[in-house]
Amino acid sequence: MNWKLIFMLSIIGLAMGFLTVAPMNMGIENAIWGIICLFYGFIIARNCSEKYFLNGFMVSIVNCVWVTGAHLLFFHDYVANHAEMVKNMNMFHLNGTHPRISMLLTGPIVGIVFGIVVGLLALLASKIIKKTPSATTAA
């Protein structure tokens with residue numbers, strides 16, 4: 001796996017983790033994440049020579065750590081700016097579970113789902129996109 005590429009790409013997730021704390025329309029946020037996922041797939045396909053799915057999956061797992069961490073760190077700001085997300089989180093609460101615990105539990109699930117999507121996009125893109133010369137040496 002290309003850990004350097006994984007961490008470099010995950011910086012976008014770190015930035016989004018902080019950006020999503022601010023008030024943001026969910027439709028716009030979802031569109032931005034969609035563009036980011038496509039970008040990840042393209043960059044991974046372009047710069048890796050194998051394990052496309054696994055590299056894409058791991059970018060999303062690292063993103064999950066960044067985003068969940070930012071949301072937990074700035075929890076009060078996040079819930080103040082995302083009433084709909086709080087409503088959705090309440091559907092997943094176990095009886096008496098604090099919202100932060102729910103966030104901590106659902107964050108990795110979202111990371112896994114997005115990881116599958118990014119991994120499949122990277123795998124698909126690897127079938128279409130020509131590699132850079134350095135991709136044949138990076139694994």
Side-chain angles (χ1 to χ4, degrees):
M1 286 198 319
N2 191 336
W3 286 105
K4 181 179 177 184
L5 181 64
I6 289 168
F7 284 111
M8 299 259 310
L9 289 174
S10 79
I11 298 300
I12 297 169
L14 177 61
M16 276 299 288
F18 288 109
L19 285 173
T20 57
V21 170
M24 185 181 294
N25 178 293
M26 286 301 294
I28 293 171
E29 181 179 338
N30 291 336
I32 292 170
W33 276 116
I35 292 166
I36 290 170
C37 288
L38 290 171
F39 175 75
Y40 285 163
F42 172 80
I43 296 299
I44 291 167
R46 187 80 188 215
N47 291 287
C48 292
S49 60
E50 61 182 6
K51 299 181 182 176
Y52 305 103
F53 179 87
L54 193 54
N55 280 286
F57 184 80
M58 290 310 296
V59 168
S60 188
I61 295 301
V62 175
N63 277 350
C64 152
V65 173
W66 296 137
V67 173
T68 303
H71 291 177
L72 289 171
L73 186 63
F74 298 104
F75 179 77
H76 295 291
D77 293 326
Y78 181 78
V79 296
N81 294 323
H82 295 84
E84 187 166 322
M85 281 302 289
V86 173
K87 180 180 157 189
N88 291 339
M89 280 178 15
N90 287 336
M91 292 187 327
F92 295 105
H93 276 215
L94 303 172
N95 288 336
T97 304
H98 191 278
R100 283 188 177 165
I101 301 296
S102 294
M103 194 178 283
L104 188 61
L105 295 173
T106 57
I109 295 168
V110 173
I112 290 168
V113 170
F114 270 92
I116 292 169
V117 170
V118 174
L120 290 173
L121 286 171
L123 188 60
L124 176 65
S126 74
K127 307 292 184 199
I128 300 168
I129 296 170
K130 293 182 181 184
K131 312 287 181 266
T132 59
S134 63
T136 56
T137 59

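Of the residues Val118, Asn55, Ile43, Val62, the one that meets the side chain to side chain contact (heavy atoms under 4.5 Å, CB included) test with Leu9 is Ile43.
Atoms CG and OG1, from Leu73 and Thr68 in turn, are 12.0 Å apart once rounded to the nearest 0.5 Å. Interatomic distance, CZ of Phe74 versus CG of Asn81, reported as 12.5 Å (0.5 Å rounding). If you take CG on Asn63 and CE on Met58, they are separated by 11.0 Å, rounding to the nearest 0.5 Å. Atom CZ of Arg100 and atom OH of Tyr78 lie 13.5 Å apart (nearest 0.5 Å). Rounding to the nearest 0.5 angstrom, the gap separating the CD1 atom in Ile32 from the SG atom in Cys37 is 12.0 Å. Taken to the nearest 0.5 Å, the CG atom of Leu5 stands 13.0 Å off from the CZ atom of Arg46.
When hydrophobic clusters are built by joining Ile, Leu, Val, Met, Phe, Trp and Tyr residues whose side-chain heavy atoms come closer than 4.5 Å, directly or via intermediates, Ile35 is not grouped with Phe114. In the hydrophobic clustering of this structure, Leu72 does not group with Val65; members are Ile, Leu, Val, Met, Phe, Trp, Tyr whose side-chain heavy atoms approach within less than 4.5 Å, directly or through other members. Linking ILVMFWY side-chain heavy atoms closer than 4.5 Å, directly or via other members, places Ile109 and Leu104 in two distinct hydrophobic clusters. When the side chains of ILVMFWY residues are joined at heavy-atom separations under 4.5 Å, either directly or via intervening members, Leu14 and Leu19 end up in a single hydrophobic cluster. Residues Ile128 and Leu121 are members of separate hydrophobic clusters, defined by side-chain heavy-atom contacts under 4.5 angstrom among Ile, Leu, Val, Met, Phe, Trp and Tyr.
In terms of heavy-atom proximity, Leu120 sits nearest to Phe53 at N-CD1, 3.5 Å. Here the closest heavy-atom approach between residue Ile112 and residue Phe57 is recorded as O-CE1, 3.7 Å. Minimum heavy-atom separation, Ala122 to Ile44: CB-CG2, 3.8 Å. Between Cys64 and Gly107, the closest heavy-atom pair is SG-O, 3.4 Å. Of all heavy-atom pairs spanning Val59 and Ile6, the tightest one is CG2-CA, 3.8 Å. Counting all heavy atoms, side chain and backbone alike, Trp33 lies closest to Thr20 at NE1-CG2, 4.3 Å.
Looking only at distances, a side-chain donor or acceptor of Ser60 sits under 3.5 Å from a matching main-chain atom of Gly111.
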| field | Full working for side chain to side chain contact (heavy atoms under 4.5 Å, CB included) between Phe42 and Ile129 | value | CA-CA 8 Å; Phe42 172 80; Ile129 296 170; 3.0 Å; yes
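Within the 4.5 Å cutoff, no side-chain heavy atoms of Trp66 are placed close to those of Met16.
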